[in-house]
J.: 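Pasting in a structure now, in structure tokens, and then I'll have a few things to ask.
For clarity, every value in this text was computed on a predicted model and none was experimentally measured.
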Amino acid sequence: MRIISLNVNGVKAAAERGLFDWLRTQDADVICLQDIRVTAPELEQDPYWIDGYWQYCFEAEVPNQGGVAIYTRTAPKAIIMGLGFESADRYGRFMQADFDKVSIGSLLLPSGRDGDADLNQKFKFMDDFAGYLNKQRRKRREFIYCGSLYVAHLKLDVKNWRDCQNEPGFMAPERAWMDEIYGNMGYVDAVREVTRESELYSWWPNSEQAENLNLGLRFDYQFLTPGLRRFVKQAKIPRNARFSQHAPVIVDYDWTLSI
């Protein structure tokens, strides 16, 4: 099973850069997109439709302010939209596809990089979502969460970590939140399960210098319940496949989807 996750920063712009032509060559079983910025009816039209996939979308209340989508070659047994709290559902920040024994979610956190209000919204979302994740651990099924957390967890995940410690995305409370998810809750970072490669980033500031010097941070993840740890085969974040400020996260699992 191959899962691709990507924050598109607006699917219209990403499509113009060739996203869907690229996706059609990737042989993915599931594709999770974040920050699509379109309505569900719009996403059902060309060029966003991919033959051979079931397609689902949870749009934001104001479409250009978020939204997530899931494409899957196996029809899910159920689709769940939203998390039940305003900071998530108003902006279309989460949806989940349920299959036999495993659920796959597409997730978008506030970046926290657009001023104090955005940062406060991010911290509120993080608190609410941590409670949700803790409850999910009690369920007798496996979960894979794909998406943009806008948090770099380790020094290994930031080019110039000393300069970023007071910036949203690498602040101490954000990293402590990640510690809780991977520590006490027991979730697994799929990428770090198979590689300790440095300079493996998924987001770059929008500047030529950042691109040239690879001044990136790893903001995008696939993280999973510990029962799936041994099924992670390989993971990559290809920097040359760029359709937004984010790079895709591609993970192959020794798992076959079924309903």
Side-chain angles (χ1 to χ4, degrees), residues 5-14 17 19 32-38 58-69 82-83 85-95 105-130 132-133 145-155 157-161 163-181 189 191 200-207 209-211 214-223 237 239 242-249:
S5 179
L6 174 62
N7 184 325
V8 296
N9 292 145
V11 74
K12 292 180 181 178
R17 297 183 181 111
L19 170 63
C32 294
L33 302 182
Q34 301 89 38
D35 199 13
I36 56 173
R37 305 181 192 174
V38 294
F58 183 37
E59 63 189 64
E61 186 177 291
V62 178
N64 65 357
Q65 294 183 348
V68 293
L83 291 167
F85 50 89
E86 183 186 15
S87 61
D89 299 351
R90 182 178 179 185
Y91 298 96
R93 296 194 182 279
F94 180 79
M95 70 180 305
S106 188
L107 170 69
L108 174 66
L109 263 70
S111 74
R113 301 177 69 87
D114 296 326
D116 290 345
D118 189 41
L119 184 58
N120 289 336
Q121 185 187 57
K122 181 179 185 178
F123 283 131
K124 178 66 168 63
F125 185 104
M126 290 163 63
D127 287 343
D128 291 338
F129 190 58
Y132 170 86
L133 287 176
Y145 297 99
C146 306
S148 280
L149 306 186
Y150 284 103
V151 180
H153 183 208
L154 306 172
K155 295 175 183 177
D157 300 321
V158 184
K159 179 71 169 186
N160 292 327
W161 67 268
D163 298 332
C164 295
Q165 294 178 87
N166 295 318
E167 295 182 9
F170 199 61
M171 299 170 69
E174 295 172 302
R175 298 174 63 201
W177 180 75
M178 296 285 283
D179 289 341
E180 177 71 14
I181 291 172
D189 181 342
V191 169
L200 190 63
Y201 310 131
S202 69
W203 179 91
W204 294 262
N206 194 15
S207 73
Q209 182 186 38
E211 290 285 346
N214 195 20
L215 301 178
L217 300 93
R218 191 167 68 100
F219 278 167
D220 301 271
Y221 298 82
Q222 293 187 32
F223 65 97
I237 306 176
R239 189 181 173 194
R242 291 287 298 285
F243 309 99
S244 68
Q245 267 189 280
H246 299 254
V249 179

J.: Partners of Ala210 by side chain to side chain contact (heavy atoms under 4.5 Å, CB included), sequence neighbours excluded?
T.: Pro205, Ser207, Leu215

J.: Might you point out which heavy atoms bring Ser111 and Pro168 nearest each other, and give the distance in Å?
T.: O-CB, 4.4 Å

J.: Run the numbers on Val8 and Phe243 for side-chain contact (heavy atoms from CB on, under 4.5 Å), then give the verdict.
T.: CA-CA 7 Å; Val8 296; Phe243 309 99; over 6 Å; no

J.: Could you pull out all residues at least two apart from Glu167 that satisfy salt bridge (Lys or Arg N to Asp or Glu O under 4.0 Å)?
T.: none

J.: Could you pull out all donor-acceptor pairs under 3.5 Å where a side-chain atom in residues 147-155 meets a protein atom, sequence neighbours excluded?
T.:
| unit_1 | atom_1 | unit_2 | atom_2 | d |
| --- | --- | --- | --- | --- |
| Ser148 | OG | Asn7 | ND2 | 3.1 |
| Ser148 | OG | Asp220 | OD1 | 2.3 |
| Tyr150 | OH | Asn7 | ND2 | 3.1 |
| Tyr150 | OH | His246 | NE2 | 3.2 |
| His153 | NE2 | Asp179 | OD1 | 2.7 |

J.: According to salt bridge (Lys or Arg N to Asp or Glu O under 4.0 Å), who are the partners of Asp35, at least two apart in sequence or on a separate chain?
T.: Arg37

J.: Return the minimal non-hydrogen interatomic distance between Gln245 and Asn206, and the atom names on each side.
T.: NE2-N, 3.3 Å

J.: Only counting residues at least two apart or in another chain, list the ones meeting ring pair (Phe, Tyr, Trp, His ring centres under 6.0 Å) with Phe129.
T.: Phe125, Tyr132

J.: Tell me, please, which residues at least two apart from Arg93 pass salt bridge (Lys or Arg N to Asp or Glu O under 4.0 Å).
T.: none

J.: Could you pull out all residues at least two apart from Asp128 that satisfy side chain to side chain contact (heavy atoms under 4.5 Å, CB included)?
T.: Phe85, Ser87, Lys124

J.: Do Cys146 and Val249 make a side-chain contact, defined as non-hydrogen atoms from C-beta onward lying under 4.5 Å apart?
T.: no

J.: Work out which heavy atom in Leu108 is nearest to a heavy atom in Gly66; give both atom names and the distance.
T.: CD2-CA, 4.1 Å

J.: State which residues pass ring pair (Phe, Tyr, Trp, His ring centres under 6.0 Å) with Tyr145; sequence neighbours excluded, sorted by chain then number.
T.: Phe143, Phe223

J.: What residues form a salt bridge (Lys or Arg N to Asp or Glu O under 4.0 Å) with Glu174, not counting sequence neighbours?
T.: Lys122

J.: Minimum heavy-atom separation for Ser5 to Tyr221, with atom names?
T.: OG-O, 4.4 Å

J.: How would you list, by chain and number, every residue that makes a side chain to side chain contact (heavy atoms under 4.5 Å, CB included) with Asn214, sequence neighbours excluded?
T.: Glu199, Tyr201, Trp204, Arg239

J.: Could you pull out all residues at least two apart from Ala13 that satisfy side chain to side chain contact (heavy atoms under 4.5 Å, CB included)?
T.: Arg17

J.: For Asp114, which residues count as a side chain to side chain donor-acceptor pair (under 3.5 Å) partner, sequence neighbours excluded?
T.: none

J.: Leu217 vs Asp157, test: side-chain contact (heavy atoms from CB on, under 4.5 Å). Steps then yes/no.
T.: CA-CA 6 Å; Leu217 300 93; Asp157 300 321; over 6 Å; no

J.: Please report the closest heavy-atom contact between Ser106 and Leu33, naming both atoms and the distance.
T.: OG-O, 3.0 Å

